[in-house]
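To start, the structure itself, in structure tokens.
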Amino acid sequence: CDIRNLGYEEKRELLATIKQARAFITAMVFQDGSSQLNSEQVLTSSVKGIVVLVKSQTKCLCSPSNSSPAYTWDACNQNDKLIYLKTEWSALWKQEDTHKKYVGQILFQMLHCKVPVICFNAKDFLRTLLAVYGSEISWKQVADSVVLDPRIAAWLINPSDTVPSFECLIQKYFEKSFSMRKVSTNTGFLRNALYQNVGLHLEKLYNAMMDLAHDLQVQGLWKVFCTLELPLIKILAVMETHKIHVNKQELKKTSEILGMRLKELEQEAHQVAGEQFLVTSSSQLREVLFEKLKLHTLCEKIPKTEIQQVESTSEAVLNKLQDLHPLPKIILEYRQVHKIKSTYVDGLLTCMKKGFISSTWNQTGTATGRLSAKHPNIQGISKHPVRIIKKQYIKGKEEEIITISPRTFFVSNKGYTFLAADFSHIELRILADLSSDPELLKLFQEPETTDIFTTLASQWKGIPSEQVKQADREQAKRMVYSVVYGAGKERLAECLGTTTLQASQFIDSFMQKYKKVHEFTKMTIEQCRNKGYVVSIMGRKRPLANINAQDYKLRTQAERQAVNFVVQGSAADLCKMAMVEIFTSVVISPTLTARLVINDYKMF
DNA sequence: CTAGCGTCA
DNA sequence: TTCTTGACGCTAG
């Protein structure tokens with residue numbers, strides 16, 4: 001029914017029905033007539049309304065029976081109601097206002113009565129709810145609701161495929177029991193055939209969710225689903241509704257400085273090349289370097305590009321050519337500055353809306369259980385400051401070196417401060433725990449007087465820990481992970497800047513010192529071979545089909561992925577646990593009014 | 001080594 | 001011409 005046509009009494013009745021409902025299945029309908037259940041979700045179209053299937057009877061959520069193939073829409077929905085909530089209002093009509101209030105009441109009730117709300121892409125649903133009814137429905141109330149998202153369930157069962165759409169999900173989960181016969185519904189609730197179609201989809205969605213819930217339980221994924229992933233939906237929805245202020249003036253200023261520097265570098269390049277050319281074009285650069293200057297004749301062979309079979313102008317090549325001519329160095333700096341400008345400065349500016357940014361979080365975007373973000377990818381914003389030479393033409397010809405720290409562009413609200421809470425060396429700790437390696441455990445048992453990678457670096461390089469530089473520490477860190485996850489000696493040598501012999505010696509000594517780590521990796525690979533999948537601490541799974549492949553390359557990659565998943569996936573488990581716990585304590589606390597902005601593994 | 005995203009050629 | 005892909009840059013361990 002379309003609730004706009006209800007009288008007072010009927011409205012009261014509907015609210016009562018909602019209070020006693022056993023489940024809600026919802027989908028947003030967009031301006032262009034598409035819904036959340038259409039294959040291509042266009043977020044350019046604004047939300048027109050919400051279709052809700054109110055279920056009065058449900059199959060038990062906790063122990064769903066195998067979905068019977070005969071189960072059809074009209075077989076079991078005598079008491080179910082399909083309602084349409086219009087959420088767009090043209091003007092500030094009085095009539096519309098009362099309508100808005102009533103819709104708000106219904107939505108509030110749906111969230112409040114702790115009955116499962118099933119939605120494909122539930123995060124988007126909650127976010128629009130917060131956007132439209134932000135004044136009536138606070139994020140704390142959203143936090144109390146019980147939402148289920150079948151897409152996340154499907155991802156948990158197989159994190160390698162991300163299920164692009166509702167239709168894909170249905171196809172995947174009903175090819176086995178594809179007896180969903182087309183039902184002509186004569187309930188007469190909706191005049192519009194489009195919404196009946198949506199109703200049918202919602203019914204399918206419900207059944208899919210029930211099936212998925214069953215699968216999750218069978219596979220031991222139910223706990224991860226309920227305690228980590230479901231609460232996280234709400235957290236991410238709240239995170240996306242909060243915005244971070246960005247210093248636009250500073251951003252524009254640095255964009256100009258970087259632009260000036262690029263112009264200078266371009267001119268310098270033209271000067272030393274003796275001609276004008278497009279510095280961003282690798283083909284033109286190749287012409288200058290090899291056909292005009294013939295630098296390849298002065299040094300060892302230049303690697304060729306894969307497809308075109310022409311001389312490469314990659315960073316590695318330019319590094320080798322540095323001593324032969326001034327041009328390569330200029331190009332290298334140009335590329336670095338260009339990268340900074342386009343990604344961290346201009347890129348951030350394009351993400352801005354009214355001086356603020358807010359990332360979109362993807363819960364099902366990784367195979368390891370970690371989160372990913374985009375527009376901007378806030379997790380990928382450079383941590384380290386970059387030095388840029390700024391030439392001051394105004395006050396004479398002084399040169400000034402300025403440093404750009406991309407993270408300083410974010411500013412906290414007045415009276416608030418960003419708080420970063422970071423697990424220290426979480427993957428290494430997990431590795432120590434899972435392998436029970438005595439040496440590794442010993443490292444963590446001592447109080448944290450010195451940083452673990454600093455200690456490691458001092459051991460490795462044979463220098464006192466006070467002399468270990470930040471760069472040494474970073475190198476030691478990368479190296480440890482490389483070795484743990486099965487890097488070859490060539491790759492490690494490249495990473496360390498040493499000979500392959502030294503690298504292989506280091507791998508040997510690492511394995512010698514941390515014997516149980518090696519045992520652990522062997523064991524997880526072995527278990528993966530037997531079961532076909534690996535499991536994290538909280539029971540998150542990753543099937544690895546190639547673990548028994550004939551092809552050496554594929555098989556060894558699967559082996560590295562297996563080890564990596566157990567550690568990285570477990571780290572993701574713990575980080576998500578932390579997010580959920582922090583969120584709940586903020587929600588129930590009357591004093592903590594903090595607005596959460598949580599980076600994957602850090603919280604600002 | 002393993003995960004991502006953004007920017008090009 | 002526009003759209004897609006693989007390399008490389010950064011991030012997180």
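In the text below, chain A, chain B and the rest are named by the order of the sequence lines, each starting its count at 1.
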Is there a donor on the side chain of A:Gln568 or the base of B:dT2 sitting less than 3.5 Å from an acceptor on the other?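 Per atom types, the contact qualifies.
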Tell me: [atom1] of [X] to [atom2] of [N], nearest whole Å?
X	N	atom1	atom2	answer
A:Gln336	C:dC8	CD	C1'	14 Å
A:Asn377	C:dC8	CG	P	20 Å
A:Lys339	B:dC5	NZ	P	14 Å
A:Tyr481	B:dA3	OH	C1'	13 Å
A:Glu474	B:dC1	CD	P	20 Å
A:Glu427	B:dG4	CD	P	13 Å
A:Asn564	C:dA12	CG	C1'	11 Å
A:Ile381	C:dA12	CD1	P	11 Å

Carboxylate-amine/guanidinium contact A:Lys516 A:Glu519, below 4.0 Å: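 Result for this pair is no, no salt bridge flagged.
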Taking every non-hydrogen atom, the tightest pair across A:Arg540 and A:Asp573: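 That closest heavy-atom pairing would be NE-OD1, 2.9 Å.
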Side-chain N or O of [X] less than 4.0 angstrom from OP1 or OP2 on [N]?
X	N	answer
A:Arg560	B:dT2	yes
A:Ser372	B:dC5	yes
A:Ser382	C:dT11	yes
A:Arg542	B:dA3	yes
A:His338	B:dC8	yes

Do the two ring centres, one from A:Phe410 and one from A:His245, sit under 6.0 Å apart?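 Between A:His245 and A:Phe410, which both carry aromatic rings, the centre distance is not below 6.0 Å.
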Proximity to the side chain of [X] - top-ranked nucleotide from [options]:
X	options	answer
A:Arg478	C:dT11, B:dT7, C:dG13	C:dG13
A:Thr366	C:dG13, B:dA3, B:dG6	B:dA3
A:Ser342	B:dT7, B:dG6, B:dC1	B:dT7

When you compare the side chains of A:Asn548 and A:Arg555, does any donor N or O come within less than 3.5 Å of an acceptor on the partner?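 A:Arg555 and A:Asn548 do not have a side-chain donor-acceptor pair below 3.5 Å.
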May I ask you to check whether A:Tyr485 and A:Glu427 show a side-chain donor-acceptor distance below 3.5 Å? yes
Base, sugar-phosphate, or nothing for A:Tyr344, non-hydrogen atoms under 4.0 angstrom?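 A:Tyr344: backbone/sugar contact only, no base atoms under 4.0 Å.
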